[in-house]
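FYI, side chains are in, hydrogens and waters are out, and symmetry mates aren't considered; it's all heavy atoms of this structure. Sequence lines set the chain letters: A, B, ... in the order given, protein chains first and strands last, and positions in each chain run from 1.
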There are 4 protein chains.
Amino acid sequence: MKTPAVQPRKKSTPASNARINDPERTKEDILEIATHAFARDGLTGSRINDIGGLTAASKRMIYYYFENKEGLYRAVLERCYADIRSREEAIGVEDLPPEEALAQLVRLKFTYHMEHPEFVRLVMVENIHQGEHMRYLKEARTRGLFALQQLTRILQRGADSGVFRKDVRPIDVHTSISALCFYNVSNRWTVAHLLEHDMGDVTHAASRREAVVDEILRLCRLKV
Amino acid sequence: MKTPAVQPRKKSTPASNARINDPERTKEDILEIATHAFARDGLTGSRINDIGGLTAASKRMIYYYFENKEGLYRAVLERCYADIRSREEAIGVEDLPPEEALAQLVRLKFTYHMEHPEFVRLVMVENIHQGEHMRYLKEARTRGLFALQQLTRILQRGADSGVFRKDVRPIDVHTSISALCFYNVSNRWTVAHLLEHDMGDVTHAASRREAVVDEILRLCRLKV
Amino acid sequence: MKTPAVQPRKKSTPASNARINDPERTKEDILEIATHAFARDGLTGSRINDIGGLTAASKRMIYYYFENKEGLYRAVLERCYADIRSREEAIGVEDLPPEEALAQLVRLKFTYHMEHPEFVRLVMVENIHQGEHMRYLKEARTRGLFALQQLTRILQRGADSGVFRKDVRPIDVHTSISALCFYNVSNRWTVAHLLEHDMGDVTHAASRREAVVDEILRLCRLKV
Amino acid sequence: MKTPAVQPRKKSTPASNARINDPERTKEDILEIATHAFARDGLTGSRINDIGGLTAASKRMIYYYFENKEGLYRAVLERCYADIRSREEAIGVEDLPPEEALAQLVRLKFTYHMEHPEFVRLVMVENIHQGEHMRYLKEARTRGLFALQQLTRILQRGADSGVFRKDVRPIDVHTSISALCFYNVSNRWTVAHLLEHDMGDVTHAASRREAVVDEILRLCRLKV
DNA sequence: GATGAATGAGTGTTCATTCAT
DNA sequence: TATGAATGAACACTCATTCAT
C-alpha cells in the first residue's frame with residue numbers, strides 16, 4: 001500500500017527489542033505485514049501465526065490492538081481504502097480541458113491498480129466475503145461518492161463545452177473505468193493461462209492503458 | 001453374463017438419496033455441492049464437512065474420487081470452464097450482421113455472468129490463488145482461444161463490410177467485454193456499499209447490459 | 001521367506017486377469033507381498049491398501065481369504081515359522097562329531113538369520129505386540145521344542161564323548177545361539193549409527209559368524 | 001516493578017495436575033508418558049490421543065514443544081539414550097581386577113536391560129524403522145563409542161596381566177554382551193511361547209544373568 | 001505495554017472394513 | 001470367485017484465541 005520508502009527499515013535501532021513504547025509504529029508494522037498476508041492469501045487463507053511471526057511485535061499484540069483476526073482485516077481494508085482516497089483527492093484534473101481531464105483520470109486509475117495489486121486483491125477478497133466487512137469502514141462510503149462526483153463534474157464540463165455526450169450516465173462511465181482498470185489486475189492469472197497473454201507484463205499494460213483511455217473517450221465523446 | 005439392460009439409468013430417481021453404486025451420479029452430486037461451496041467461501045474458506053452435504057458418507061467419497069480438497073477444487077473449476085465453453089460454442093452469431101453479432105455476443109456473455117455468479121466467484125478464487133490450478137485443466141486453454149477467435153471473425157467481417165474499425169485489436173475488445181461483464185458480478189458488494197448502487201439488481205443489470213453493448217459498439221464502430 | 005526362484009513371476013499368462021480360479025496361488029501371492037509389508041512396516045505400520053494394491057488380486061480378496069488384517073498377519077507369521085522349521089528339520093548334523101555338529105548348527109542358524117531379515121523383523125514385530133498372536137500359531141510350539149531337542153542331543157553326545165561340559169544347560173546354549181544370531185540382524189541399524197559398524201556388511205558378517213561359532217564352542221567345551 | 005520472588009518454583013507441588021507455565025515440567029510429563037506409549041505400541045502404533053494422557057490440553061502441547069509425532073518420538077529416543085549413557089559413565093569398574101570388572105560390567109548391563117524394557121523396546125522400534133531417526137540424535141554416537149572404549153580398556157588390562165586373550169576383538173565381545181543382554185528382553189514373548197520358558201521370570205533372569213557372565217568370561221579368558 | 005505457555009474446537013485426511021453386484 | 005463403490009470411526013494436526021505473569 002505504501003510506496004517502498006528508502007528510509008531504513010525497522011530494526012535500525014540497536015536494541016533488539018526496539019519499538020518499545022511506540023504503539024503507533026507497532027500497529028503500523030502489523031498492518032503492513034497483514035496487508036500483504038491478506039492480499040496474498042485472503043481472510044481465511046491467512047494465518048495469524050504467520051502474521052505474528054513476521055512482525056517484530058509478537059502475535060499477542062494483534063489481539064491487543066485489533067481484538068481478533070477480523071478486526072485486523074477490517075483495519076487493513078480501511079487503511080487500503082484510505083490510501084486510495086487520499087490519492088484521488090490529490091488528483092488535480094479540474095483545471096484540464098474535459099477530454100484531457102478524463103484521459104488523465106483513467107490513466108492514473110489504471111496505473112494505481114497496476115501498481116497496487118494488494119488493493120485489487122483485497123477488494124476481491126472482500127467481495128468473496130460479500131462485502132460483509134464494508135459496513136465497519138468509517139469513511140469509505142464518502143470516498144466512493146467523492147470519486148463519482150469528481151467524474152461527474154468532468155463529464156458535465158465536457159457536455160457543456162460540446163465535446164461529451166449529454167446522454168451518458170456518470171455511473172456507467174465510472175463503472176466502466178473501474179471495471180477496465182480492475183480486471184487487468186484481478187484476472188491476470190486466469191487470462192494468462194487461457195489466452196497465453198500476461199496482462200501484468202509492462203509492455204502489455206502500457207498499450208492496454210491507452211486502449212482503455214481510448215475506449216472511455218469513445219464512450220463519452222459526442223463525435224468521433 | 002449380465003444382460004445389458006436397456007432400462008434408463010438410475011438417474012430416473014432424481015430426488016432420492018440413493019447413490020448406491022452409481023459413481024457418475026455420486027461424483028456429479030459432490031461436484032454440484034462443491035461448486036457452490038467453493039464459489040461461496042473459496043478454497044481455504046470451504047469446509048470439507050460442509051461440502052459433503054448432510055451425509056457423512058459422501059464426504060468420504062471426495063477422497064475416493066478426487067483424492068483431496070484440492071483435487072475436488074480442480075474438478076469443480078474444470079466443470080465450470082467446460083460449461084461456459086459449451087455455451088459459447090453453441091452461440092450462432094456467425095450468420096448475423098457484424099454489429100448485431102457483436103451486440104448479441106456481448107449480451108449473451110453479460111447475461112451468462114449475471115446468471116452464473118458461482119462461475120465469476122470461482123474465477124476470482126482462482127486468481128486469488130494466482131492461477132496455480134489452471135495448469136491442471138485439460139481443455140481450458142483451447143476454450144479461451146476459441147472465444148477470442150470467434151470474436152476476431154466478427155470483427156473481421158465488420159471491418160470488411162466497413163462498419164468496424166480496422167485498427168482495433170481483438171484482444172482489446174475481448175478483454176473489455178470480459179472486464180465489463182465480469183466486474184458487474186465480481187465487485188457487486190463493494191460497489192454496492194461505496195456507491196449505494198446494487199449492480200445485482202435486475203433493473204440496474206438490464207440497463208447496464210445495454211450500456212455495455214453500446215460501449216463495445218462505440219469501441220468498434222468506424223463512425224458513430 | 002522364499003528363496004528368489006528363477007521361475008517366471010506372475011503375469012506370465014497372457015490374459016491380464018490371470019490366476020482366475022487358482023485360489024492357492026492367489027493366497028500365496030498375497031502372503032508373499034504381505035510378508036514383506038509386515039516385515040518392513042510392522043503390523044500397525046502396514047496398510048491393507050498397499051498390500052492389496054501390490055497384489056494382482058484385489059484388496060477385497062484379503063478379507064475373503066484371511067478375514068481381516070490380523071488374520072493375514074497371523075498367516076504370514078505362521079508361514080514364516082513353518083519355513084524355518086522345515087529348514088531346521090532338514091539339517092543333518094546328527095552324524096557329525098559333536099563339535100563339528102555344534103559349529104555347523106550355529107553357522108546355519110547365523111546364515112539363515114542373515115539371509116532372512118524378514119523373519120527376524122517379523123519376530124521383532126511380534127515381540128513388540130507381546131506375542132499376542134503366537135497362540136494362534138498351530139505348529140510353532142512343537143517346532144521350538146524340536147530345535148531345542150536337536151541341540152540337546154548334540155550337547156549330550158559331546159558330554160558323553162568328553163569334549164563338552166556336563167554342567168552347561170541346553171536352554172542357555174540355545175538362548176545364546178539365538179541371541180547372537182538374532183542380534184546381528186535385529187539391531188543392525190542402531191548399532192551402525194552408534195558404533196559406525198555395519199553388521200549387515202558381508203565381510204563383517206562372515207567374521208562375526210566365526211566369532212559366534214567360537215564363542216559357543218568355548219561355552220560348551222570342557223577344556224580350551 | 002515486579003519483586004523477583006524468592007519463593008520456590010511450582011515444582012514443589014509434585015503430584016498436582018498444575019502444569020501452568022512450567023514448560024520443563026510440561027515437557028518432562030509428556031516425554032514420560034510418550035516413552036511408555038512408544039515403547040508399548042511403537043511409533044505408528046501409538047496414538048497421540050493416548051500419549052497426551054488424560055488431559056486434552058497436554059496433547060496440544062506435543063505440537064507446541066515437539067512439532068509433531070515424529071519429533072516427540074525422537075525426543076523420547078534421545079532421552080532414553082541419554083539415560084543409559086549417564087548410567088554407563090557412572091560405572092566405576094576401572095579399579096576392579098579385569099575379570100571382576102568384566103563380570104560386573106556384564107551384570108550391570110544385563111540388569112539395566114531387564115529393568116528397562118521400555119529402552120529395549122524403543123531400540124527395537126527404531127530398528128524396525130531402519131534407524132532413520134538415529135541421525136537426529138545429538139550425543140548418541142559419542143555415547144556408543146564410549147561404552148566400547150570402556151570395555152576395550154578392561155580387555156587390555158586383562159591381556160596385559162595375562163588373564164585375557166590377546167586375540168579377542170573388543171567389538172566382538174561388546175556385540176556379544178549387548179546381544180545376550182538385549183535378547184532376554186526383546187524376544188521374551190516369542191521364546192515364552194515357543195519354548196514354554198519365560199525369560200522375564202525373575203528366577204530365570206537371575207540364573208541367565210550368571211550364565212551370560214560366565215559365557216563372556218569364557219570368551220575372554222586365556223585359560224579355563 | 002508486552003510475552004511465552006496453554007487451550008478447545010475443528011481441520012483435512014486415512015484407516016480397516018463392508019456393501020451390492 | 002471376484003470387484004468397484006461405499007462407509008464410519010478415528011487419525012495426526014492446525015486454528016484463532018486466552019491465560020498468567
Side-chain angles (χ1 to χ4, degrees), chain A residues 17 19-23 26 44 46-52 56-65 67-72, chain B residues 1-2 18-27 44 46-52 55-72, chain C residues 17 19-23 26 44 46-52 56-65 67-72, chain D residues 1-2 5 10 18-27 44 46-52 55-72:
Chain A
N17 251 356
R19 200 181 325 87
I20 286 180
N21 291 340
D22 187 348
T26 301
T44 48
S46 296
R47 304 287 156 232
I48 282 274
N49 256 344
D50 298 346
I51 297 170
S58 85
K59 177 181 67 169
R60 184 62 185 77
M61 285 296 93
I62 292 171
Y63 292 93
Y64 192 83
Y65 286 121
E67 194 177 341
N68 55 23
K69 193 187 188 185
E70 216 168 317
L72 175 58
Chain B
M1 198 73 13
K2 239 177 36 177
R19 202 184 304 95
I20 295 169
N21 280 359
D22 187 346
E24 285 311 311
R25 168 95 187 268
T26 302
K27 286 169 76 167
T44 48
S46 295
R47 303 291 156 223
I48 284 275
N49 274 322
D50 303 342
I51 295 172
T55 67
S58 55
K59 179 184 92 171
R60 279 294 341 293
M61 298 313 283
I62 290 172
Y63 297 92
Y64 192 79
Y65 286 118
F66 304 101
E67 197 176 336
N68 54 25
K69 196 187 185 184
E70 212 168 319
L72 176 58
Chain C
N17 251 357
R19 200 183 325 86
I20 286 179
N21 290 341
D22 188 348
T26 301
T44 48
S46 295
R47 305 288 157 229
I48 283 275
N49 256 344
D50 298 347
I51 298 170
S58 87
K59 178 181 66 170
R60 184 61 185 79
M61 286 296 93
I62 293 171
Y63 293 92
Y64 192 84
Y65 286 120
E67 194 176 342
N68 55 23
K69 194 187 188 185
E70 216 168 317
L72 175 59
Chain D
M1 196 76 11
K2 239 175 37 176
K10 296 213 163 137
R19 204 185 302 94
I20 295 171
N21 280 359
D22 188 345
E24 284 311 312
R25 168 96 187 269
T26 303
K27 285 169 77 167
T44 48
S46 295
R47 304 290 155 223
I48 285 275
N49 273 322
D50 303 342
I51 295 172
T55 67
S58 55
K59 179 184 92 173
R60 279 294 342 292
M61 297 314 282
I62 290 172
Y63 297 93
Y64 192 79
Y65 286 117
F66 304 102
E67 197 177 336
N68 54 26
K69 194 187 186 184
E70 212 167 319
L72 175 59

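- In this structure, A:Asn49 places its CG atom 13 Å from P of E:dG4, rounding to the nearest Å.
- If you measure from atom OH of B:Tyr63 to atom P of F:dC11, you get 17 Å, rounded to the nearest angstrom.
- Remark: the D:Arg60 side chain and the E:dG8 base include a donor-acceptor N/O pair separated by less than 3.5 Å.
- If you check distances only, the side chain of D:Tyr64 does reach the base of E:dA5 with a donor-acceptor pair under 3.5 Å.
- The base of F:dT7 does not come close enough to the side chain of B:Lys59 for any donor and acceptor atom to sit less than 3.5 Å apart.
- Among the atoms of the strands shown, none is found under 4.0 Å from any heavy atom of D:Phe66.
- Minimum atom distance to the side chain of B:Tyr65 is reached by F:dA6, of the listed F:dA16, F:dA6, E:dG12.
- Distance, C:Ile48 CD1 to E:dT14 P: 17 Å, rounded to whole Å.
- Remark: P of F:dA5 and CZ of B:Arg25 are 16 Å apart, rounded to the nearest angstrom.
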Stepwise side chain to side chain contact (heavy atoms under 4.5 Å, CB included) check, A:Lys59 with A:Ile51: CA-CA 7 Å; A:Lys59 177 181 67 169; A:Ile51 297 170; over 6 Å; no
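- Comparing E:dA16, E:dT11, F:dA12 by their nearest atom to the side chain of B:Arg47 picks out E:dT11.
- In this structure, B:Lys69 places its NZ atom 14 Å from P of F:dT14, rounding to the nearest Å.
- When the side-chain nitrogen and oxygen atoms of B:Thr26 are compared with OP1 and OP2 of F:dA5, none of them lie within a distance under 4.0 Å.
- Expressed to the nearest 0.5 Å, how far OG1 of A:Thr26 lies from CD1 of A:Ile62 amounts to 11.5 Å.
- Between D:Met61 and D:Phe66, the closest side-chain pair of non-hydrogen atoms is not below 4.5 Å.
- As rounded to whole Å, 15 Å separates atom C1' of F:dA6 from atom CD of B:Glu24.
- When side chains are defined from C-beta on, A:Tyr65 does not count as touching A:Leu72, because their heavy atoms never get closer than 4.5 Å.
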Intra- and interstrand pairs of DNA chain E - dot-bracket, Watson-Crick/G-U under 3.5 Å, | marks other strand: .||||||||||||||||||||
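- Rounded to whole Å, atom P of E:dT17 lies 5 Å from atom CG of C:Asn68.
- Contacts of A:Thr44 with the nucleic acid, taken as non-hydrogen atoms under 4.0 Å apart, are absent.
- To the nearest 0.5 Å, the span separating CG on C:Asn68 from CD1 on C:Ile48 amounts to 8.0 Å.
- The nearest whole Å value for the distance from the CD1 atom in A:Ile51 to the P atom in F:dA16 is 8 Å.
- A donor-acceptor pair under 3.5 Å is formed between the side chain of A:Lys69 and the backbone N or O of A:Ser46.
- Under the side chain to side chain donor-acceptor pair (under 3.5 Å) criterion, A:Thr44 pairs with B:Thr44, sequence neighbours left out.
- Distances were taken from every side-chain heavy atom of D:Met61 (C-beta onward) to each of E:dG12, E:dA6, F:dT7; the shortest belongs to E:dA6.
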